[in-house]
Amino acid sequence: MSKKVRLRFAPSPTGGLHLGGVRTVLYNYLFARQHKGDFVLRIEDTDQSRYVSGAEEYILDCLAWCGLIPDESPFHPGAYGPYRQSERKAKSIYAEYAQQLIDQGHAYYAFDTTEELENMRTQYKSAENPSPQYNHTLRTRMRNSLSLPAAEVKALLDAGTPYVVRIKVMPKEEIHFTDLIRGEVRFSTDGVDDKVLLKADGMPTYHLAVVVDDHLMEITHAFRGEEWLPSAPVHILLWRHLFGEDKMPRWAHLPLILKPDGNGKLSKRDGDRLGFPVFAMNWTDPATGQINKGFREMGFLPEAFLNMLAMLGWNDGSGQELFTLDELIEKFSLDRVHKGGAKFDFEKAKWFNQEWIKRLPVSAYQDQVIGFFRAAGIDPLGNAGTTGTTNASPATALDTVAELSEIAPGITGPASIPTYDETPAPSQQEEKFQQILTLVKDRCHLLTEFVQQASFFFRAPNAADTDLSPVKPKWNDAKQLFFVEWIRQLQLIRTWDAPTLEKEFKEMAAAAEIKPGDLLLPLRLMLVGGKFGPGVFDIITVLGPEESIARIKAVLAQLQS
RNA sequence: GCCGCGUUGGUCAAUCGGUUAAGACGCCUCCCUUUCACGGAGGAAUGAGGGGUUCGAUUCCCCUACGCGGUACCA
């Protein structure tokens with residue numbers, strides 16, 4: 001008996017896809033999936049002046065990145081097409097219903113020009129009424145089919161005079177409906193103006209289009225932002241006149257996402273101002289060429305992005321904060337959606353991302369991370385791997401025994417460095433890459449941070465640029481000697497793993513009567529080029545003997561001078 | 001102005017008449033770690049104001065204040 005649940009997301013293709021838009025999609029999607037229903041994408045391109053080419057594809061790309069794929073859309077039409085309102089207009093769908101309303105006496109032609117409307121607004125503007133409305137009191141004084149003699153209306157129409165169709169709202173009527181989030185909401189028609197239904201160019205306004213299309217597409221539940229609540233009475237009236245109020249979808253007006261500081265809706269501007277993205281993915285304005293950062297490019301995981309968005313206005317009451325999409329589908333409920341808006345907190349957003357980075361296997365996001373490495377000029381799977389120093393500084397060039405003795409007089413070195421496979425198979429490289437990601441994932445909030453945290457694995461630090469001030473003042477011959485000795489040791493170690501390396505290191509330090517702590521920081525600086533990164537012995541394990549030795553030697557030369 | 005919606009720590013928030021008013025982010029202290037993190041243990045910090053209803057209000061009702069949204073031939 002009950003109809004199949006169908007929901008829609010109906011954006012205008014006017015630019016980037018905003019955070020709030022994605023959350024609206026998400027709630028639509030969750031509800032649809034939970035009820036084994038359909039989720040459709042309808043493009044509301046009724047304002048050709050605001051149409052931005054590429055925006056439709058962009059929106060679909062964003063949904064794809066998030067994994068919120070519509071069952072029906074302009075790109076994958078179902079049985080309710082077309083899915084673009086411009087195309088539906090071309091089929092005279094809206095004009096037909098506008099005509100029906102006129103015939104019923106619920107709508108009328110209005111011939112007022114833009115100038116006439118402006119004049120009306122300035123004329124009737126007052127302190128008590130700053131924005132006069134085209135309504136039951138004023139319409140008698142305007143040029144429309146209600147105020148003009150029938151013959152004149154006919155003449156105007158026959159002459160092809162531009163007109164719009166307006167809804168005729170009767171005063172003193174009570175309109176109420178049950179919002180799935182807010183409960184009973186009541187309006188008086190006294191405050192509702194005669195909204196334009198059909199524009200002069202024949203396009204419907206949102207008001208007409210949304211009810212006609214929701215009806216034709218058999219939409220059962222309509223979720224949209226709270227900013228639509230004030231125009232709900234118009235939509236209800238239209239449903240009443242056209243299809244019957246009992247056929248109307250259930251409405252849910254979602255709370256707004258607010259800017260972090262102050263109040264008000266979060267806007268693109270706020271993101272620019274405060275340094276965080278507002279769009280799901282990078283959006284390049286085709287007119288200005290301006291690029292707006294997206295969460296994806298900022299280093300967010302789609303799982304984290306959605307999880308964060310879901311929690312902005314909803315929770316399951318248990319205190320749980322981390323949810324997979326499937327868990328959200330299972331647990332989401334409208335009656336636990338907040339009524340009040342929520343301020344967006346970028347720090348918390350990053351926390352969600354960090355949690356998901358820790359939670360997911362690195363294989364789930366390694367491709368995205370590879371992209372960030374390549375953008376930084378590093379190919380983590382290429383030849384510039386751990387088998388050599390790519391941007392060798394002058395110091396790293398000294399690697400002969402002679403040079404060794406030069407920086408450490410008294411040491412006679414043997415040293416045939418153990419050889420090993422110079423060009424690992426691709427799978428080995430990938431394996432090594434994953435090993436590195438696993439090593440640093442705990443300290444990354446954003447995927448982009450993998451580059452900062454791990455690039456030294458693929459590119460030797462520039463020895464000349466390494467800040468040695470933390471160790472240089474306390475440097476002495478004993479330490480110099482120790483490291484030269486340590487290099488020899490590295491060449492001999494057979495079991496190449498972190499525990500063995502650490503054990504050997506500490507034994508040598510003890511023998512040299514130097515506290516390991518005094519040696520660890522220098523060693524880190526040699527390998528990493530800074531005071532960050534995973535444990536030094538883990539680093540050496542991954543770097544391998546040749547590369548480790550090269551880096552130590554390079555800095556040793558620096559410290560000696 | 002009018003109409004509508006909202007208001008628990010700095011932020012996200014639990015509570016559906018009785019609690020020492022959860023938890024999380026952020027912040028602070030300590031532990032772990034001779035890097036940075038992660039992790040662990042603590043800490044500071046909350047019911048806009050006023051009336052009711054009730055034995056008892058954060059919770060229900062009203063008023064006020066404040067905030068937001070709308071008030072287009074934009075969505």
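Each chain gets a letter, A, B and so on, in the order its sequence line appears, and its residues count up from 1.
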Salt bridge or not for [X] and [Y], using N-O below 4.0 Å?
X	Y	result
A:E173	A:R240	yes
A:R50	A:D47	yes
A:D214	A:R8	yes

Should the heavy atoms of other residues, nucleotides or ligands under 6.0 Å from CZ of A:R269 be counted, would the total exceed 12?
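No - once you tally the heavy atoms of other residues, nucleotides and ligands closer than 6.0 Å, there are 12 at most.
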Within a reach of under 6.0 Å around CZ of A:R250, are more than 12 heavy atoms found that belong to other residues, nucleotides or ligands?
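Incorrect, the count does not exceed 12.
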Taking the nucleotide of RNA chain B with the closest heavy atom to each, which residue, A:E227 or A:K199, is nearer the 5' end?
A:E227
Would you kindly compare A:T113 and A:L312 by the position of their nearest RNA chain B nucleotide and give the one closer to the 5′ end?
A:L312
Can you give one letter per nucleotide of nucleotides 30-44 of chain B, going 5' to 3': B for a protein heavy atom under 4.0 Å from the base, S for sugar-phosphate only, - for none?
----BBBBSS-----
Protein proximity profile, nucleotides 2-7 of chain B - base contact B, sugar-phosphate-only contact S, no contact -, cut-off 4.0 Å on heavy atoms
--SSS-
Could you tell me how far apart [X] ([atom1]) and [N] ([atom2]) are, to the nearest whole angstrom?
X	N	atom1	atom2	result
A:D47	B:A72	CG	C1'	10 Å
A:K343	B:A24	NZ	P	22 Å
A:E115	B:C73	CD	P	13 Å
A:D112	B:A72	CG	C1'	14 Å
A:F346	B:C12	CZ	C1'	16 Å
A:E44	B:A75	CD	P	8 Å
A:F344	B:G26	CZ	C1'	14 Å
A:W251	B:G69	CH2	P	21 Å

Are [Y] and [X] an aromatic pair, judged by ring center distance below 6.0 Å?
X	Y	answer
A:F344	A:F276	yes
A:F305	A:F295	yes
A:Y206	A:W228	yes

[N] versus [M] - spacing of their [atom1] atoms, nearest Å:
N	M	atom1	answer
B:A24	B:U35	C1'	29 Å
B:A41	B:G23	P	12 Å
B:U46	B:G10	C1'	11 Å
B:C73	B:U11	P	38 Å
B:A48	B:G43	C1'	27 Å
B:C66	B:C60	P	23 Å
B:G47	B:U71	C1'	33 Å
B:A44	B:U54	C1'	35 Å

Fit a plane to each ring of A:F456 and A:F532, take the angle between them on a 0 to 90° scale, and name the class: parallel (under 30°), tilted (30 to 60°) or perpendicular (over 60°).
perpendicular
According to the interplanar angle, ranging from 0 to 90°, do the rings of A:W486 and A:F505 count as parallel (below 30°), tilted (30 to 60°) or perpendicular (above 60°)?
perpendicular
Base, sugar-phosphate, or nothing: which does [X] touch, judged by heavy atoms less than 4.0 Å apart?
X	value
A:R224	nothing
A:V196	sugar-phosphate
A:S12	sugar-phosphate
A:A342	sugar-phosphate
A:L256	sugar-phosphate
A:T46	sugar-phosphate
A:K265	sugar-phosphate

Short side-chain to backbone donor-acceptor contact, [X] and [Y], under 3.5 Å:
X	Y	result
A:S92	A:A95	no
A:N28	A:T24	yes
A:T466	A:L468	no

With sequence neighbours left out, write down each residue that passes ring-ring contact (aromatic ring centres under 6.0 Å, His included) with A:F450, or none if nothing qualifies.
A:Y365
Dump every N/O contact between nucleotides 57-62 of chain B and the protein below 3.5 Å, one line per pair.
none

Look at the side chain of [X] and decide which nucleotide, out of [options], has an atom nearest to it.
X	options	value
A:Q133	B:C12, B:A75, B:U71	B:U71
A:N315	B:G70, B:U71, B:A13	B:A13
A:L117	B:A24, B:G1, B:C73	B:C73
A:N129	B:A14, B:G1, B:C74	B:G1
A:W351	B:C68, B:C74, B:A24	B:A24

Runs of at least three Watson-Crick or G-U pairs with RNA chain B, cut-off 3.5 Å:
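In RNA chain B, stems of three or more pairs: B:1-7 with B:65-71, B:10-12 with B:23-25, B:27-31 with B:39-43, B:48-52 with B:60-64.
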Could a donor-acceptor pair under 3.5 angstrom be found where the side chain of A:K348 meets the base of B:A24?
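Result: at least one qualifying N/O pair found.
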Please test A:V192 against A:N135 for side-chain contact (heavy atoms from CB on, under 4.5 Å), starting from the C-alpha separation and ending with a verdict.
CA-CA 7 Å; A:V192 182; A:N135 62 12; over 6 Å; no
Decide ring-ring contact (aromatic ring centres under 6.0 Å, His included) for A:F323 and A:W314; before the verdict, give the C-alpha distance in whole Å, the side-chain angles of both, and the deciding distance to 0.1 Å.
CA-CA 12 Å; A:F323 293 89; A:W314 174 87; 5.6 Å; yes
Please identify each residue that fulfils salt bridge (charged side-chain N to carboxylate O under 4.0 Å, His left out) with A:E355, with sequence neighbours left out.
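A:E355 satisfies salt bridge (charged side-chain N to carboxylate O under 4.0 Å, His left out) with A:K358, A:R359 only.
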